[in-house]
Amino acid sequence: MPSESSFLGQWFGIFAYLGRHVLLHVLALLVVYIFANEIVRSRRRIPGLKGPKGWPIIGNLREVRVDAALKYRDWSETYGDVFQVQMGNIPVVVANSPAAVKALWITNSQALSSRPQTYTFHKVASGTSGFTIGTSPYDESLKRRKKGAAIALNRPAIQSYIPYLDLETKNFVQDLFAYGKGGTAAIDPLPMVQRLAMSLACTINWGTRVRSHEDDLFKEIVEVEEHMNRFRSTQSNLQDYIPILRLNPFNTQSAKAREMKARRARFMKRFDEELRDKIARGTNSPCIQASVITFKEDRLNETELNSISLSMISGGFETVSNTIGFSLGFLAQRPDIQQRAFEEICKFQAVSSWNSPDPLCDAGDDQRCTYVAALAKEALRYFTIIPLVLPRESIRDINYEGVVIPKGTTFYMNAWACNYREHPIYHISAAHFSPVVANPSRSVDRDIWYDPEVFRPERWIEQPDATLYTFGLGYRMCSAHMLAQRQLYLILMRTLSSFRLEPHGVVDCDPRTGKRDPSDLIMSARPYKILCIPRDGPRLARAVSDEYKQEPTTTTA
Ligand code: HEM
């Protein structure tokens with residue numbers, strides 16, 4: 001009779017043998033898979049275009065997981081201004097200089113008129129709910145939606161939104177004053193400016209305001225949109241590029257994307273239903289959705305209408321708020337710039353700087369205070385909150401300096417690299433950088449700066465025609481760049497004429513070191529607190545006291 005221990009020993013031997021066998025098979029399969037994938041990956045590279053080779057399966061994903069724009073700029077020194085990377089097996093062309101970007105995005109504007117589709121954002125997080133304009137591929141429907149957005153965001157339309165801008169920026173100043181307890185309590189201004197931007201977008205689109213950053217609806221939209229921003233990131237959703245990861249049954253990313261899709265659909269439906277109800281009762285304010293629903297001549301279907309709403313929320317809210325989020329923290333540490341802006345506002349309003357100017361400045365003024373307009377533009381350049389613009393996809397072959405880039409290729413514009421383009425004779429490696437003394441005559445090309453690392457609004461007064469890359473370029477450039485600049489200008493005018501900003505504790509709003517998550521698509525600053533000290537408390541209190549939470553009375557286009 002075999003003893004119990006030898007019996008167990010036999011079973012153990014059988015299992016060990018089977019285990020080794022299975023393991024060897026799995027390893028062999030893995031090697032074959034990697035080998036076969038390497039052949040596919042190298043065949044998909046664009047012939048004639050240089051670029052880092054990357055790793056099997058993941059390509060360059062590991063190297064560009066965070067701060068991709070900075071990495072691409074570094075690589076451009078080795079591979080040239082235009083090179084290819086591989087996201088998994090997918091080749092992507094990256095353009096890193098003003099000249100290259102203009103040759104591709106302007107000269108080939110129509111060829112670059114589409115957007116690539118990704119698994120996480122397009123298939124899971126959006127699905128049948130439709131895409132924003134900024135994430136839609138090129139087709140007839142996109143053309144209709146772009147036309148609708150262009151009418152809603154052109155100069156005359158913006159003029160009609162001035163009462164809304166007035167109300168929301170006034171509400172913002174009131175919030176800084178009230179929550180900041182007249183300069184005695186440190187506050188995080190981000191939720192307040194998020195409310196401003198969100199409320200403006202909702203008013204223009206649905207005729208509905210978002211009154212407080214303490215509202216549950218506000219918090220819900222912020223949370224959902226922040227997640228959506230992550231699903232749109234060009235480098236952090238590995239499953240977009242490595243399809244095998246989508247099979248993972250415990251895939252938390254897809255589960256989160258589905259959850260956000262459902263939550264987004266809920267608040268969109270709520271806005272839509274409220275508006276339809278108001279239209280039925282004849283109590284609606286004029287807004288984009290009402291004008292399309294009421295006058296059906298625009299021929300936009302339900303999904304297209306939804307796409308415009310999504311674009312207003314997703315385009316209009318995080319962009320402006322994060323630019324201001326970085327700017328206020330940064331300016332709190334730059335009393336010199338605040339003082340200069342204040343003096344320029346006083347001059348603009350024709351009051352002496354020891355008298356206080358009107359803290360609420362004229363909402364109808366279209367960026368005529370040159371210094372503050374330049375300050376807004378410099379904030380857009382310096383913080384370049386979408387460093388890699390939004391990806392494009394070519395709908396035709398493009399010939400770039402003799403290299404044929406096939407139709408269907410993804411392109412990234414490195415707006416960061418273009419906005420920070422430094423003339424070679426002033427180039428010093430980032431680690432040893434010391435700002436060059438300001439001397440405008442030394443900037444030899446209008447798109448190339450001698451001091452890009454310095455925050456200097458004056459550059460836009462010296463070179464008003466220099467290109468700003470923050471809104472992208474060409475056919476798919478930001479549809480609302482005029483509205484956004486107007487918004488930023490009025491927010492800065494009113495904030496800087498009302499308050500002196502001081503940092504409270506550590507404030508890092510440096511666009512290189514102070515990002516909350518450097519893998520996001522739209523960058524935001526790490527949370528910080530500042531003191532908003534009224535320049536003239538009694539006057540400010542009077543200016544913001546009058547019924548600031550009322551509904552706007554003037555109509556939209
Ligand atoms: C600081 C503010 C803003 C910045 C930095 C910004 C930036 C951008 C960028 C980089 C693009 C892609 C451009 C390209 O591919 O060339 C874009 C597209 C877009 N933006 Fe903005 N944006 C801002 C504000 C807004 C606002 C306030 C709205 C709406 C109210 C908006 C609506 C859109 C739309 C609809 C598109 C899609 C255009 C298309 O694909 O055809 N943006 N934006």
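This structure is a prediction, so every number in the text was calculated from the model and none was measured.
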Donor-acceptor pair, side chain of [X] and main chain of [Y], under 3.5 angstrom:
{"X": "Glu393", "Y": "Leu112", "result": "no"}
{"X": "His481", "Y": "Met477", "result": "no"}
{"X": "Asn414", "Y": "Ala69", "result": "yes"}
{"X": "Asn229", "Y": "Ile522", "result": "yes"}
{"X": "Ser109", "Y": "Tyr475", "result": "yes"}
{"X": "Ser160", "Y": "Ala157", "result": "yes"}
{"X": "Thr184", "Y": "Lys181", "result": "yes"}
{"X": "Ser321", "Y": "Gln194", "result": "no"}
{"X": "Thr384", "Y": "Pro387", "result": "no"}

Among residues at least two apart in sequence or on other chains, which ones pass side-chain hydrogen bond (donor to acceptor under 3.5 Å, both in side chains) with [X]?
{"X": "Thr118", "answer": "His122"}
{"X": "Trp460", "answer": "Glu378"}
{"X": "Asp536", "answer": "Ser356"}
{"X": "Glu168", "answer": "Arg195, Ser199, Arg209"}

With sequence neighbours excluded, give me every salt bridge (Lys or Arg N to Asp or Glu O under 4.0 Å) pair touching residues 476-498.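 The answer is Asp166-Arg494, Asp366-Arg486.
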
Those residues that, when tested against Ser498, pass side chain to side chain contact (heavy atoms under 4.5 Å, CB included) (two or more places apart): Val173, Pro359, Leu540

Can you confirm if the NZ or CZ of Arg421 lies within 45° of the ring axis of Trp449 and under 6.0 Å from the centre of its six-membered ring?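 No, Arg421 does not sit over the ring of Trp449.
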
Measure from NZ or CZ of Arg535 to the centre of the six-membered ring of Phe342 and say whether it is under 6.0 Å with the direction within 45° of the ring axis.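 Output yes; distance and angle both within limits.
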
For [X] and [Y], work out which heavy atoms get closest and say how close.
{"X": "Val320", "Y": "Ala197", "result": "CB-CB, 4.3 Å"}
{"X": "Leu61", "Y": "Gln235", "result": "CD2-O, 3.9 Å"}
{"X": "Ile158", "Y": "Met482", "result": "CD1-CB, 3.6 Å"}
{"X": "Ile386", "Y": "Ala415", "result": "O-CB, 4.1 Å"}
{"X": "Leu331", "Y": "Gln338", "result": "O-NE2, 2.8 Å"}
{"X": "Gly472", "Y": "Val389", "result": "CA-CG1, 4.0 Å"}

Please tell me if the side chains of [X] and [Y] come closer than 4.5 Å, counting only heavy atoms from C-beta onward.
{"X": "Trp55", "Y": "Glu63", "result": "yes"}
{"X": "Val92", "Y": "Gln86", "result": "no"}
{"X": "Gln84", "Y": "Thr409", "result": "no"}
{"X": "Ser314", "Y": "Leu310", "result": "no"}
{"X": "Glu344", "Y": "Gln339", "result": "no"}
{"X": "Leu200", "Y": "Phe317", "result": "no"}
{"X": "Met413", "Y": "Leu388", "result": "no"}
{"X": "Met493", "Y": "Cys369", "result": "yes"}

Taking distance alone, no hydrogens or angles, what donor-acceptor pairs closer than 3.5 Å link side-chain atoms of residues 499-506 to residues at least two apart or in another chain?
from	atom 1	to	atom 2	distance (Å)
Arg500	NH1	Glu502	OE2	2.8

First locate atom [atom1] of [X], then atom [atom2] of [Y], and finally report the distance between them rounded to the nearest 0.5 Å.
{"X": "Ser212", "Y": "Asp175", "atom1": "OG", "atom2": "CG", "result": "7.0 Å"}
{"X": "Ile204", "Y": "Leu165", "atom1": "CD1", "atom2": "CG", "result": "7.0 Å"}
{"X": "Leu167", "Y": "Thr203", "atom1": "CG", "atom2": "OG1", "result": "7.5 Å"}

Determine, step by step, whether Arg73 and Glu422 satisfy the salt bridge (Lys or Arg N to Asp or Glu O under 4.0 Å) criterion, reporting the C-alpha distance in whole Å, the side-chain angles of both residues, the deciding distance to 0.1 Å, and the verdict. CA-CA 11 Å; Arg73 188 173 71 160; Glu422 187 176 25; over 6 Å; no

Applying side chain to side chain donor-acceptor pair (under 3.5 Å), which residue pairs with at least one partner in residues 516-534 are found, sequence neighbours left out? Arg230-Asp520, Arg516-Ser524, Asp517-Ser519

Partner residues of [X] under the ring-ring contact (aromatic ring centres under 6.0 Å, His included) criterion, sequence neighbours left out:
{"X": "Tyr241", "answer": "none"}
{"X": "Tyr382", "answer": "Phe330, Phe455"}
{"X": "Trp416", "answer": "Tyr420"}

Given the rule in the side-chain hydrogen bond (donor to acceptor under 3.5 Å, both in side chains) test, do Asp81 and Ser76 qualify, once you have shown the distances and angles that lead to the verdict? CA-CA 5 Å; Asp81 286 345; Ser76 70; 4.8 Å; no

Pair Glu343 + Arg340, salt bridge at N-O below 4.0 Å: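 Salt bridge between Glu343 and Arg340, a charged N being under 4.0 Å from a carboxylate O: no.
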
Could you check Arg459 against Asp451 for salt bridge (Lys or Arg N to Asp or Glu O under 4.0 Å), going step by step and ending with a plain yes or no? CA-CA 9 Å; Arg459 73 177 74 247; Asp451 60 348; 2.9 Å; yes

Do Lys515 and Asp510 pass the salt bridge (Lys or Arg N to Asp or Glu O under 4.0 Å) test, and can you show the C-alpha distance, the side-chain angles, and the key distance before you say yes or no? CA-CA 8 Å; Lys515 295 181 201 117; Asp510 184 302; over 6 Å; no

Could you tell me how the ring of Tyr161 sits relative to the ring of Tyr164: parallel (under 30°), tilted (30 to 60°) or perpendicular (over 60°)?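 Aromatic pair Tyr161/Tyr164 classed parallel.
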
Look at the rings of Phe131 and Phe121 and say which category their plane angle falls in: under 30° parallel, 30 to 60° tilted, over 60° perpendicular.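 If you compare the ring of Phe131 with that of Phe121, the planes turn out tilted.
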
Output every pair passing ring-ring contact (aromatic ring centres under 6.0 Å, His included) with a member in residues 175-204, not counting sequence neighbours, ordered by first then second residue. Tyr179-His213

